[in-house]
Amino acid sequence: MMIVITFLGTVSGIPTKERSHPAIVLEYFSKHKETLLFDCGEGTQVQFMKAGISFMQVEKIFITHWHADHFAGLIPLLATYSLEKRKNELKIFAPEATKFVSKILELGYFGLRFKVTPIDVPFSGNEPSLIDETKNYRIFSIPVEHTVPAVAYCFHEKDRWSIDEEKLREKGLKRGRWLRKLKEEGVATYQGQVIRVEEVARIRKGLKVVYTGDTKPCENVVKLSKDADLLIHDGTFLEVDEANGKGHADVAQAAEVAKKANVKRLILTNISRRYTNLMELEERAREIFPSTQVARDLMRVTLRNEIV
Ligand SMILES: [Zn+2]
């Protein structure tokens, strides 16, 4: 199992020639590959093409908030899906999703022949909400502090048992169908012998990734990203001041959040176009949280499970 994250767009507010509006693809590889999209700024389709990833396979889109730089790519994407005769349902998760998705669909003659399902996620309170669950993972949202209703999302893969070959050999056990039952039910019988899963397997920790969208530093993000493998945080500014600080974080504040939440790795994104020297931002954040990178467009990150 593996997660590949591709940053399609990494700029905040106004794009540049090098940096597109926010959009992050999460490809989850298990038995089948799933493609999830977080935010969908202008230019998302073209960025998908440059990254060599098919946008036709996206089944779920998670919009953090309804500022145009985070959603304007939805309109052309829906039009393309229509032209390409998409059949499968598209779910769009967001605060106030029902309201804004219906407004988008009223903006033109899309002629959709597939189902678009908006799913509203809560945008007040201090607890994570479980908004989606499959056999392999759960997705949570939590309200963040921006200038409009906004949330952060957490992709959390479920823990799984991983069979330890050495322990099997030690106990004189052979592989077979009984191992599937053991992993699913925690106990199984092998040639009359009752085996408990913890005797022959170790836990493969589920991967955890959090994306904040636009936000000031806040406790809700610390809560949601506790011990995450990767935190992708708003790092709009080198330093926030009275004039620019509305609803965004600076790189040092984001690094403080990462440290408090004890995440393994921090990637800063939604960087203001005013910064052309990204090393300066990286260095400032690394003084507080060494395992920090600043996202570049089309940057790719691979995460693999740890077995404990
Ligand atoms: Zn915003």
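Just follow the structure's listing: the first ligand is 1, and inside any ligand the first atom is 1. Only this structure's heavy atoms are used, side chains among them; waters, hydrogens and symmetry mates stay out. On a predicted model such as this, the values are computed, not experimentally measured, just so you know.
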Next item on the list: Starting from the C-alpha separation in whole Å, work towards a yes-or-no answer on side chain to side chain donor-acceptor pair (under 3.5 Å) for D227 and N262.
Entry: CA-CA 5 Å; D227 302 323; N262 190 39; 2.8 Å; yes
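- Considering T64, D39, T269 in turn, D39 is the only one that fulfils the side-chain hydrogen bond (donor to acceptor under 3.5 Å, both in side chains) rule with Y211.
- For H67, the N, O or S atom closest to the Zn ion (ligand 1) goes by the atom name ND1.
- Between Y137 and F155, a ring centre-to-centre spacing shorter than 6.0 Å is recorded.
- For residue D214, an N/O/S atom approaches the Zn ion (ligand 1) to within less than 2.8 Å.
- Residue contact annotation: H70 places no N/O/S atom under 2.8 Å from the Zn ion (ligand 1).
- H248 lies apart from the Zn ion (ligand 1) in this respect, since none of its N, O or S atoms is found at a distance under 2.8 Å.
- Between R196 and E198 a salt bridge is recorded (basic side-chain N to carboxylate O distance below 4.0 Å).
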